[in-house]
K.L.:
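For reference, the structure I am asking about is given below.
Each ligand, and each atom within it, is numbered from 1 in the order the structure gives. All values reported here derive from a predicted model rather than from experimental measurement.
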Amino acid sequence: SNTPVKVAVTGAAGQIGYSLLFRIASGALLGPDTPVQLQLLEIEPALKSLEGVVMELDDCAFPTLAGVEIGSDPNVIFDGANIALLVGARPRTKGMERGDLLSANGAIFTGQGKALNDHAADDIRIGVTGNPANTNALIAMSNAPDIPSERFSALTRLDHNRAISQLAAKLGVPVTEIKKMTIWGNHSATQYPDLFHAEVSGKNAAEAVGDQAWIENDFIPTVAKRGAAIIEARGASSAASAASATIDAARDWIKGSAEGDWISMAVASDGSYGVPEGIISSFPVTTKNGDWEIVQGLEIDDFSRGKIDASVKELEEERDAVKELGLI
Ligand code: NDP
């Protein structure tokens, strides 16, 4: 049908928003034949700036953009939303302790979880980009008891895409030759980009590289610290690639992952691979018709086990901290 799909975006006047909205409006998320209604949330002081962004959206005259609504009340902006991309979050500022960061974001994501619970459409799918993304997703999920937990995810697709790009460059192959990349764990410096199950032109990626030292000392830290490297080079954060990954993740979730491949997505664990149930951790997943499934049966060697466990431990600590704050 040609009823517009309602896509809610939070933090819409931010850097990521400035890339993300134009791509969604131009059809990069749902294709050229699906009209999109954008419902944009911002905090009160950013609404004027957001009005300017809306003027630019108007000026693009995108054929797929059916309408735009803006506001600062999540109960209004999430009304009838089919997809919610939670980009806005409270960034860590100088001198801020982790507890302060978690409680500032706790206030945002408890409120948004409740608003989604009460107002979103029955088919709602929620992707969290704002950091700390995994734990923000956990908070929103815990405050939305009527929304099935599998409708929540946090973004590790940018890390996934970075890992593909680094590996392709190392081996001098196009990115299209790389399949079955996996990011495990938290979207943080402890994340584990896994080459032992990835494939290059159908062959095992770790074997194709044949250099454990490069994997440990070069590849993994380069992927994990790529955001900082971009800030260092550009003087601003990696907003366009974060927006692109946010679209890749939501598009594949809804339209399905490619045959013979998988994607990385942080989702509520069912206990797979020894990750405690309920924690929002990144896994290899396949998607179809808006549902995801964790890829089963991968053999995890001691090296990978240690890396996954370290990142999951960090997620458990974050969960315990927000539990202590009464946020979940
Ligand atoms: P960005 O648009 O650059 O980033 C938004 C969030 O995405 C941050 O939490 C950021 O984390 C995270 N992020 C995830 N991956 C990346 C990546 N690869 N590169 C950069 N960021 C990444 O931030 P801005 O400050 O420009 O914009 C945020 C907007 O959100 C502001 O306009 C603010 O007003 C709004 N906001 C809206 C809220 C709401 O709608 N209720 C609530 C809170 C904020 P990190 O901090 O780690 O960089």
Side-chain angles (χ1 to χ4, degrees), residues 7-23 38-54 69-78 81 84-94 96 98 100-116 126-137 139-140 143 153-163 165 183 186-189 191 223-250 264 266 282 318:
V7 181
V9 178
T10 72
Q15 297 304 312
I16 294 174
Y18 195 63
S19 280
L20 182 62
L21 302 182
F22 294 86
R23 295 201 50 210
L38 284 174
Q39 307 194 159
L40 309 178
L41 187 72
E42 257 302 349
I43 52 175
E44 196 72 37
L47 282 176
K48 179 146 193 290
S49 160
L50 185 55
E51 282 172 19
V53 178
V54 174
E69 189 188 347
I70 72 170
S72 60
D73 181 353
N75 293 302
V76 175
I77 292 301
F78 291 155
L85 303 175
L86 309 186
V87 175
R90 177 77 159 72
R92 189 193 289 264
T93 43
K94 231 180 147 194
M96 205 179 195
R98 193 176 66 156
D100 302 335
L101 181 73
L102 290 173
S103 56
N105 279 298
I108 297 168
F109 286 88
T110 50
Q112 293 186 359
K114 287 183 180 123
L116 286 163
I126 299 138
V128 179
T129 296
N131 281 317
N134 300 53
T135 297
N136 288 341
I139 295 169
N143 285 277
S153 74
L155 189 74
T156 49
R157 184 60 177 266
L158 179 56
D159 310 301
H160 175 102
N161 289 348
R162 285 168 170 167
S165 157
I183 304 293
N186 199 1
H187 170 68
S188 76
Q191 66 175 267
V223 172
K225 294 181 195 157
R226 186 72 164 174
I230 288 165
I231 291 174
E232 172 71 23
R234 228 188 131 235
S237 68
S238 45
S241 49
S244 194
T246 298
I247 291 193
D248 286 347
S264 302
S282 188
E318 289 183 17

K.L.:
Between atom CG of D248 and atom CZ of R157, what is the distance when rounded to the nearest 0.5 Å?
P.N.:
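Going from the CG atom of D248 to the CZ atom of R157 covers 4.5 Å.
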
K.L.:
Starting from atom 28 (C) of ligand 1, which protein heavy atom do you reach first, and at what distance in Å?
P.N.:
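It is G14 CA, 4.1 Å.
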
K.L.:
If you have a sec, work out which protein heavy atom is nearest atom 22 (C) of ligand 1 and how many Å separate them, to one decimal?
P.N.:
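Atom 22 (C) of ligand 1 sits closest to the protein heavy atom I16 CD1, 3.5 Å.
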
K.L.:
Only counting residues at least two apart or in another chain, list the ones meeting salt bridge (charged side-chain N to carboxylate O under 4.0 Å, His left out) with R226.
P.N.:
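With neighbours one apart ignored, the set is empty.
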
K.L.:
Taking the minimum heavy-atom distance to atom 20 (C) of ligand 1, which of A133, S237, A154, G17 ranks first?
P.N.:
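Ranked by closest heavy atom to atom 20 (C) of ligand 1, first place is S237.
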
K.L.:
Specify the protein heavy atom at minimum distance from atom 3 (O) of ligand 1: its residue, its atom name, and the distance to 0.1 Å.
P.N.:
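Scanning the protein heavy atoms, the shortest distance from atom 3 (O) of ligand 1 goes to Q15 CB, 3.5 Å.
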
K.L.:
Keeping the roles fixed (side chain from N105, backbone from R90), state whether a donor-acceptor pair exists under 3.5 Å.
P.N.:
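Checked: pair present.
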
K.L.:
Heavy-atom count around F22 CZ within 6.0 Å, excluding the residue itself: above 12?
P.N.:
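Atom CZ in F22 is packed in, count exceeds 12.
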
K.L.:
If you round to the nearest 0.5 Å, how far is CD1 of I70 from CD of E51?
P.N.:
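Reported to 0.5 Å precision, the distance equals 4.5 Å.
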
K.L.:
Any protein heavy-atom neighbour for atom 34 (O) of ligand 1 (distance below 4.0 angstrom)?
P.N.:
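There is a protein heavy atom less than 4.0 Å from atom 34 (O) of ligand 1.
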
K.L.:
Okay, side chain of N136, backbone of G130: is any donor-acceptor separation there less than 3.5 Å?
P.N.:
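Looks like yes, one N/O pair under 3.5 Å.
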
K.L.:
Is there a side-chain contact between N186 and E318, using heavy atoms and a 4.5 Å cut-off?
P.N.:
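Yes - at least one pair of side-chain heavy atoms lies under 4.5 Å apart.
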
K.L.:
Near A242, which atoms of ligand 1 are under 4.0 Å from a heavy atom of that residue?
P.N.:
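With A242 as reference, the close atoms of ligand 1 come out as 16 (C), 17 (C), 18 (N).
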
K.L.:
So which protein heavy atom does atom 19 (N) of ligand 1 come closest to, and at what separation?
P.N.:
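For this ligand atom, the closest protein heavy atom is S238 OG, 3.0 Å.
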
K.L.:
Is there a heavy atom in G227 that sits closer than 4.0 Å to ligand 1?
P.N.:
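No; G227 lies far enough from ligand 1 that no heavy-atom distance drops under 4.0 Å.
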
K.L.:
Could you check H187 against N131 for side-chain contact (heavy atoms from CB on, under 4.5 Å), going step by step and ending with a plain yes or no?
P.N.:
CA-CA 8 Å; H187 170 68; N131 281 317; 3.0 Å; yes

K.L.:
Nearest protein heavy atom to atom 11 (O) of ligand 1, by residue and atom, and its distance?
P.N.:
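Here the nearest protein heavy atom works out to N131 ND2, 2.9 Å.
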
K.L.:
What protein heavy atom sits nearest atom 39 (C) of ligand 1, and how far off is it?
P.N.:
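Protein heavy atom at minimum distance: Q112 NE2, 3.8 Å.
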
K.L.:
Can you list the atoms of ligand 1 that are under 4.0 Å from a heavy atom of I108?
P.N.:
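Matching atoms, with element in brackets: 42 (C), 43 (C).
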
K.L.:
Judged by non-hydrogen atoms, does R162 sit under 4.0 Å from ligand 1?
P.N.:
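Flag set, R162 near ligand 1.
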
K.L.:
Looking at atom 38 (C) of ligand 1, what's its closest protein heavy atom, distance included?
P.N.:
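Looking at atom 38 (C) of ligand 1, the protein heavy atom closest to it is I43 CG2, 3.7 Å.
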
K.L.:
Any side-chain heavy atom of Q112 sitting closer than 4.5 Å to one from L41?
P.N.:
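A side-chain contact under 4.5 Å exists here.
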
K.L.:
Out of L158, V87, T129, D159, whose heavy atom is nearest to atom 5 (C) of ligand 1?
P.N.:
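The nearest heavy atom belongs to V87.
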
K.L.:
Of the protein's non-hydrogen atoms, which lies at the shortest distance from atom 31 (C) of ligand 1, and what is that distance?
P.N.:
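Going by distance alone, atom 31 (C) of ligand 1 is nearest to E42 OE2, 3.5 Å.
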
K.L.:
If I compare all heavy atoms of T10 with all of L86, which pair ends up nearest, and what's the gap?
P.N.:
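Minimum heavy-atom separation between T10 and L86: OG1-CA, 3.3 Å.
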
